[in-house]
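Remarks on the structure that follows.
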Amino acid sequence: MDYREFAIDLLKRKNQLISAREITKEEIEALEKEKYSCKTAAMNAVPVSGSGTNKYEERLISIIAQLDDARFRLRAIERELKMIEKGMSGLSDYYVQLLEGFFVHHTKGAAESLMSRFYKERSCLYADRNKALEAFTRSVFGVVLI
């Protein structure tokens with residue numbers, strides 16, 4: 001198992017994870033507001049015959065389930081972002097910029113841009129990229145297997 005592939009995948013998803021964190025926080029906030037408005041309506045409504053619950057109580061139960069799901073997703077997103085942050089924290093600025101250029105931002109012509117920024121040859125830049133990826137992978141997963 002090559003953990004570098006997992007590390008590359010994690011780095012490529014960084015921007016998506018940041019966006020997902022913000023959207024999920026907004027979703028939780030909206031569901032919390034909806035839960036309280038629904039809770040008020042549920043307390044004031046008269047139960048319907050049969051199951052003893054009304055439509056507001058059913059909606060409240062649905063909102064609580066959605067909130068649990070959103071909170072679970074937020075914890076998973078934050079766990080992955082924390083892994084990225086911890087992995088990057090032990091690297092030099094040069095290595096961080098290499099990983100961001102090649103994997104996080106994944107722009108076309110990243111090698112040329114980084115070559116001109118750091119005055120490095122392509123082969124040296126790619127060797128440094130591999131060293132940075134290995135250091136990041138060791139920081140995050142603790143191992144690098146070939």
Side-chain angles (χ1 to χ4, degrees), residues 1-45 51 53-146:
M1 177 178 289
D2 190 0
Y3 283 93
R4 285 178 289 205
E5 293 300 320
F6 293 129
I8 290 170
D9 183 53
L10 189 62
L11 288 168
K12 285 182 177 180
R13 291 184 294 122
K14 181 182 177 185
N15 291 333
Q16 295 168 340
L17 290 169
I18 291 170
S19 175
R21 177 178 54 190
E22 295 307 313
I23 290 170
T24 306
K25 283 181 179 181
E26 290 172 6
E27 179 184 0
I28 289 171
E29 191 176 303
L31 285 169
E32 284 288 344
K33 288 177 183 177
E34 191 174 348
K35 179 179 84 172
Y36 288 117
S37 65
C38 192
K39 189 184 292 186
T40 304
M43 298 305 166
N44 295 335
S51 66
T53 61
N54 60 40
K55 65 180 180 180
Y56 297 112
E57 288 175 342
E58 290 172 4
R59 180 66 185 140
L60 181 61
I61 291 168
S62 172
I63 291 170
I64 290 170
Q66 290 174 4
L67 264 169
D68 286 345
D69 178 60
R71 287 184 181 130
F72 173 77
R73 287 184 286 123
L74 182 62
R75 284 192 304 272
I77 291 166
E78 287 178 342
R79 178 177 47 90
E80 288 188 346
L81 284 171
K82 191 175 285 187
M83 287 171 64
I84 294 170
E85 181 183 314
K86 298 265 184 182
M88 293 284 205
S89 67
L91 301 178
S92 68
D93 288 339
Y94 172 62
Y95 279 177
V96 169
Q97 289 181 21
L98 285 178
L99 292 177
E100 286 182 352
F102 279 108
F103 302 115
V104 176
H105 303 300
H106 197 62
T107 57
K108 190 171 184 168
E112 287 76 18
S113 171
L114 291 167
M115 284 169 47
S116 65
R117 186 183 317 161
F118 295 115
Y119 304 107
K120 299 264 187 170
E121 291 181 8
R122 185 178 299 273
S123 60
C124 183
L125 192 72
Y126 278 98
D128 289 347
R129 179 197 71 171
N130 291 337
K131 289 176 188 174
L133 181 60
E134 186 169 325
F136 175 80
T137 305
R138 284 192 194 282
S139 295
V140 174
F141 298 110
V143 292
V144 177
L145 299 176
I146 299 173

Rounded to the nearest 0.5 Å, how far apart are [atom1] of [X] and [atom2] of [Y]?
X: Leu81; Y: Arg13; atom1: CG; atom2: CZ; value: 9.5 Å
X: Glu100; Y: Leu11; atom1: CD; atom2: CG; value: 9.0 Å
X: Asp68; Y: Ile28; atom1: CG; atom2: CD1; value: 10.0 Å
X: Leu17; Y: Glu80; atom1: CG; atom2: CD; value: 5.0 Å
X: Ile77; Y: Ile18; atom1: CD1; atom2: CD1; value: 11.0 Å
X: Ile63; Y: Lys33; atom1: CD1; atom2: NZ; value: 13.5 Å

Side chain Thr137, main chain Leu133, donor-acceptor under 3.5 Å:
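Yes, the answer is positive, given that a donor and an acceptor are paired below the 3.5 Å cut-off.
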
Looking at Gly109, is its backbone amide N or carbonyl O close enough to the side chain of Ser113 to form a donor-acceptor pair, meaning the two atoms are under 3.5 Å apart?
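Judged by distance alone, no pair lies under 3.5 Å.
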
Note: Lys35-Glu32 ion pair, threshold 4.0 Å (strictly below)
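Looking at Lys35 and Glu32, the cut-off is met.
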
Please determine whether a side-chain nitrogen of the Lys or Arg among Lys25 and Glu29 lies less than 4.0 Å from a carboxylate oxygen of the Asp or Glu.
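A salt bridge is absent here (no side-chain N lies under 4.0 Å from a carboxylate O).
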
Any side-chain heavy-atom pair of [X] and [Y] under 4.5 Å:
X: Val104; Y: Ile84; value: no
X: Gln66; Y: Glu34; value: no
X: Leu114; Y: Phe102; value: yes
X: Phe103; Y: Lys14; value: no
X: Phe141; Y: Met83; value: yes
X: Leu74; Y: Arg21; value: yes
X: Ile61; Y: Glu58; value: no
X: Ser62; Y: Arg59; value: yes

Side-chain donor-acceptor pairs under 3.5 Å in residues 86-99, sequence neighbours left out?
{"residue": "Ser89", "atom": "OG", "partner": "Lys86", "partner atom": "O", "Å": "2.7"}
{"residue": "Ser92", "atom": "OG", "partner": "Tyr95", "partner atom": "N", "Å": "3.3"}
{"residue": "Tyr94", "atom": "OH", "partner": "Asp128", "partner atom": "OD2", "Å": "2.6"}
{"residue": "Gln97", "atom": "OE1", "partner": "Arg117", "partner atom": "NH1", "Å": "3.2"}

Over all heavy atoms of both residues, which pair between Glu121 and Met115 is shortest? Give the atoms and the distance, please.
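Taking Glu121 first and Met115 second, the nearest heavy atoms are C-CG, 4.4 Å.
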
